[in-house]
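Beneath this line is the structure, given in structure tokens, with notes to follow.
What you see below is based on every heavy atom in this structure, not just the backbone, and it leaves out hydrogens, waters and symmetry mates.
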Amino acid sequence: RKMSNSSNNIVLSGKYELLEMTAEGGMSYIYRARCVKTGNIVAAKILKPEYIGNKLYQEAFKKEAFHSMRLKHNNIVRTLDIGSDGSYRYMIMEYVDGIPLSDLIGGDRTISLKTSVSIAIKICEGLEYAHHKGIIHKDLKPSNHDKTRHGTGDHGFWHCGRYYKG
């Protein structure tokens, strides 16, 4: 079954309360969630139910989780925890309060050359770091990068948030 925008008070492993769906990817849903213990807002990436029985998708999700946990860089969203709870397979990541780059440059919207270069440099720095760790980005596209008041965050292996106007 497809998970709805309303989480209906789902708490993963007794630790992460799902608050609202913020995005949907090819094999997962992304939720804004709250850590029950700390109250911190996090992002929960959950494998879609239709892929739970598929070993190929389960393995890809598991690999993504383990590889992303190795990455600690300012321009890459950090994976904080991984786990399963019943039929749910999930990753918990830091929540980035930003807007996908695709929303900034889509349609007839444009950004300045200075901003474009700044964003490109930050994305390249994150990619270079991941490559030095032996990790190749498999889904590089504007919707996997957020522009925030602090720069950009790459969540191509992982996730995002909403636009910060500041």
Side-chain angles (χ1 to χ4, degrees), residues 1-103 126-127 129-130 133-141 143-166:
R1 87 181 159 87
K2 181 175 178 175
M3 299 173 78
S4 67
N5 254 353
S6 168
S7 65
N8 297 322
N9 296 325
I10 295 170
V11 179
L12 300 172
S13 301
K15 301 191 291 187
Y16 307 105
E17 178 186 10
L18 302 184
L19 302 174
E20 65 180 322
M21 188 190 313
T22 61
E24 180 177 347
M27 67 181 210
S28 61
Y29 296 114
I30 311 299
Y31 282 81
R32 189 170 67 84
R34 180 184 351 268
C35 176
V36 173
K37 185 176 182 179
T38 66
N40 292 340
I41 298 298
V42 295
K45 182 173 187 174
I46 300 171
L47 185 64
K48 288 180 176 178
E50 59 262 37
Y51 299 123
I52 293 298
N54 185 313
K55 296 272 187 209
L56 191 63
Y57 281 97
Q58 280 190 22
E59 189 60 31
F61 192 79
K62 185 177 172 181
K63 272 184 168 178
E64 178 181 333
F66 282 108
H67 288 308
S68 66
M69 287 193 81
R70 295 177 33 213
L71 301 175
K72 293 173 179 55
H73 188 277
N74 287 340
N75 298 334
I76 299 175
V77 173
R78 291 193 58 198
T79 299
L80 307 170
D81 194 8
I82 57 174
S84 62
D85 184 358
S87 64
Y88 296 108
R89 304 292 178 268
Y90 64 87
M91 287 181 242
I92 302 299
M93 297 156 289
E94 65 181 319
Y95 183 79
V96 176
D97 194 13
I99 184 170
L101 182 57
S102 58
D103 289 355
L127 288 171
Y129 173 82
K133 292 285 190 178
I135 297 170
I136 304 299
H137 199 299
K138 292 184 175 182
D139 195 19
L140 190 61
K141 59 187 176 187
S143 60
N144 283 343
H145 299 275
D146 283 351
K147 175 77 173 88
T148 69
R149 68 178 174 169
H150 302 295
T152 64
D154 175 359
H155 49 82
F157 307 102
W158 29 137
H159 174 63
C160 71
R162 293 280 176 245
Y163 182 46
Y164 175 85
K165 293 183 180 182

For residues Ser84 and Ser13, report the shortest heavy-atom separation together with the two atoms involved.
O-OG, 3.4 Å

How close do Ala60 and Met27 get, heavy atom to heavy atom, and via which atoms?
C-CE, 4.1 Å

Just checking, any donor-acceptor pair under 3.5 angstrom between side chains of Asp81 and Tyr16?
yes

Taking it one step at a time, do Arg89 and Tyr51 satisfy side-chain contact (heavy atoms from CB on, under 4.5 Å)?
CA-CA 10 Å; Arg89 304 292 178 268; Tyr51 299 123; over 6 Å; no

Begin from the C-alpha positions of Ile46 and Leu18 and carry the test side-chain contact (heavy atoms from CB on, under 4.5 Å) through to its verdict.
CA-CA 10 Å; Ile46 300 171; Leu18 302 184; 3.6 Å; yes

Got a second to check how far Ile92's CD1 is from Leu12's CG, nearest 0.5 Å?
6.0 Å

Tell me the closest heavy-atom pair linking Ile82 and Ala65, and the distance in Å.
CG2-CB, 3.3 Å

Is any side-chain heavy atom of Tyr57 closer than 4.5 Å to one of Ser28?
no

Looking at OG of Ser68 and CD1 of Ile135, how far apart are the two atoms once the value is rounded to the nearest 0.5 Å?
7.5 Å

How far does CD of Glu24 sit from OH of Tyr31, to the nearest 0.5 angstrom?
9.0 Å

Measure the CG-OH distance between Leu47 and Tyr90 for me, rounded to the nearest 0.5 Å.
13.5 Å

How long is the straight-line distance from CE of Met91 back to CD1 of Ile30, given to the nearest 0.5 Å?
7.5 Å

Can you see which heavy atom on Lys45 is nearest to which on Phe61, and at what distance?
O-CZ, 3.4 Å

Taking the side chain from Tyr129 and the backbone from Lys72, do they hold a donor-acceptor pair closer than 3.5 Å?
yes

Nearest 0.5 angstrom please: Leu71 CG to Thr79 OG1, how far?
7.5 Å

For Arg34, all residues meeting side-chain hydrogen bond (donor to acceptor under 3.5 Å, both in side chains), sequence neighbours excluded
none

Apply side-chain hydrogen bond (donor to acceptor under 3.5 Å, both in side chains) to Asn40 and list each qualifying residue two or more places apart in sequence or on a separate chain.
Thr38

side-chain hydrogen bond (donor to acceptor under 3.5 Å, both in side chains) with His67: which residues, sequence neighbours excluded?
Arg70

Non-hydrogen atoms of Val36 and Glu17 that approach each other most closely:
CG2-N, 4.2 Å

